[in-house]
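Below: one structure, written as structure tokens.
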Amino acid sequence: MSSRKVLTLTLVRNSVGDILLGLKKRGFGEGKWNGFGGKVEPGESILQGAARELTEECGLKAHSLTKVGLLDFDFIDDPMRLEVHVFCTSDYSGTVIETEEMKPKWYKVEDIPFHEMWLDDPIWFSWYLKGGPQFKGYFLYKGLDKIVEQEVKSTDVPRETTSCT
Ligand SMILES: Nc1ncnc2c1[nH]c(=O)n2[C@H]1C[C@H](O)[C@@H](COP(=O)(O)OP(=O)(O)OP(=O)(O)O)O1
């Protein structure tokens with residue numbers, strides 16, 4: 001029996017193209033830099049979950065979110081399956097703040113700290129950065145530090161921007 005969790009991950013870029021990452025301070029992925037997101041709660045849409053998590057984790061309010069991809073994760077010897085919906089935005093307001101969960105920091109794209117991120121991040125990030133249609137990624141992990149199967153491909157689905165208001 002697998003247990004599936006639906007999560008969001010949002011990548012914020014500012015007007016000069018820098019990217020906002022957060023250092024996870026607790027829980028799953030502690031010690032890694034990542035975008036902002038978490039589990040979609042019962043009764044909310046995936047988009048609502050993404051907007052809520054962004055505000056909870058770094059203080060920013062997204063006015064719109066663009067769906068850029070989907071990542072599926074399986075784990076050997078673990079029934080947990082993660083379905084991570086990846087969004088980006090440059091359409092937001094508010095001030096970036098450190099929260100109980102995340103310590104945020106702006107990075108130049110060429111300085112993204114991939115060596116301190118999930119192992120899969122450097123594999124799919126270029127699909128996000130280059131634009132084009134939505135991407136789809138699959139990763140099979142052994143534990144949390146080894147990828148034994150991987151695939152990232154383009155879909156036929158264009159990126160879709162939706163208002164959060
Ligand atoms: N392998 C990998 N690569 C990139 N991003 C991620 C993963 N695994 C992941 O879980 N993630 C992302 C997806 C989410 O954005 C976070 C994890 O969210 P999590 O902290 O488990 O969810 P919350 O709802 O915030 O958790 P709590 O509030 O229960 O602590 O990482």
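One-based numbering, in listed order, for ligands and for the atoms of each. Residues: numbered from 1 along the sequence shown.
A salt bridge does not link Glu116 with Lys32: every distance from a Lys NZ or Arg NE/NH1/NH2 to an Asp or Glu carboxylate oxygen is 4.0 Å or more. Checked for salt-bridge contact, Lys25 and Glu98 meet the test: a charged N lies under 4.0 Å from a carboxylate O. The existence of a salt bridge linking Lys39 and Glu53 is excluded, since no basic side-chain nitrogen approaches an acidic carboxylate oxygen closer than 4.0 Å. For the pair Glu83 and Lys5, the salt-bridge criterion is not met [side-chain N within less than 4.0 Å of a carboxylate O].
Short contacts between ligand 1 and Lys24, defined as distances under 4.0 Å to a heavy atom of the residue, involve ligand atoms 19 (P), 20 (O). Residue Asp121 has at least one heavy-atom neighbour below 4.0 Å for each of these atoms of ligand 1: 3 (N), 4 (C). Distances below 4.0 Å separate heavy atoms of Asp120 from the following atoms of ligand 1: 1 (N), 2 (C), 3 (N), 4 (C). Below 4.0 Å from some heavy atom of Glu57 lie the following atoms of ligand 1, by number and element: 25 (O).
Aromatic rings from Phe28 and Trp118 are positioned such that their centres are separated by under 6.0 Å. The aromatic ring centroids of Tyr128 and Phe135 lie 6.0 Å or more from each other.
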Candidate pair Asp72 and Leu82, rule side-chain contact (heavy atoms from CB on, under 4.5 Å), full reasoning | CA-CA 6 Å; Asp72 285 308; Leu82 303 182; over 6 Å; no

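Evaluated by nearest non-hydrogen atom to atom 14 (C) of ligand 1, the leading choice among Thr10, Thr8, Leu9 is Thr8. Distances from atom 21 (O) of ligand 1 to the heavy atoms of Glu56, His85, Lys39, Met102 show the closest one on Lys39. Closest heavy-atom approach to atom 12 (C) of ligand 1 among the candidates Asn34, Ile123, Val40: Asn34.
Glu57 contributes a side-chain N or O that, together with a main-chain N or O of Gly37, makes up a donor-acceptor pair within less than 3.5 Å. With hydrogens and angles ignored, the 3.5 Å screen pairs a side-chain donor or acceptor of Gln134 with a backbone N or O of Pro158.
Heavy atoms of Glu53 found under 4.0 angstrom from ligand 1 belong exclusively to the side chain. Contacts with ligand 1 closer than 4.0 Å are made by side-chain heavy atoms of Phe73 only, the backbone lying farther away.
Residue Glu101 places a heavy atom less than 4.0 Å from ligand 1.
Closest protein heavy atom to atom 17 (C) of ligand 1: Leu7 CD2, 3.9 Å. Counting only heavy atoms of the protein, atom 9 (C) of ligand 1 lies nearest to Phe28 CE2, 4.0 Å. Of the protein's non-hydrogen atoms, Gly37 O, 4.1 Å is the one closest to atom 16 (C) of ligand 1.
In terms of polar-atom proximity, defined here as any N/O pair under 3.5 Å, Arg26 makes no such contact with ligand 1.
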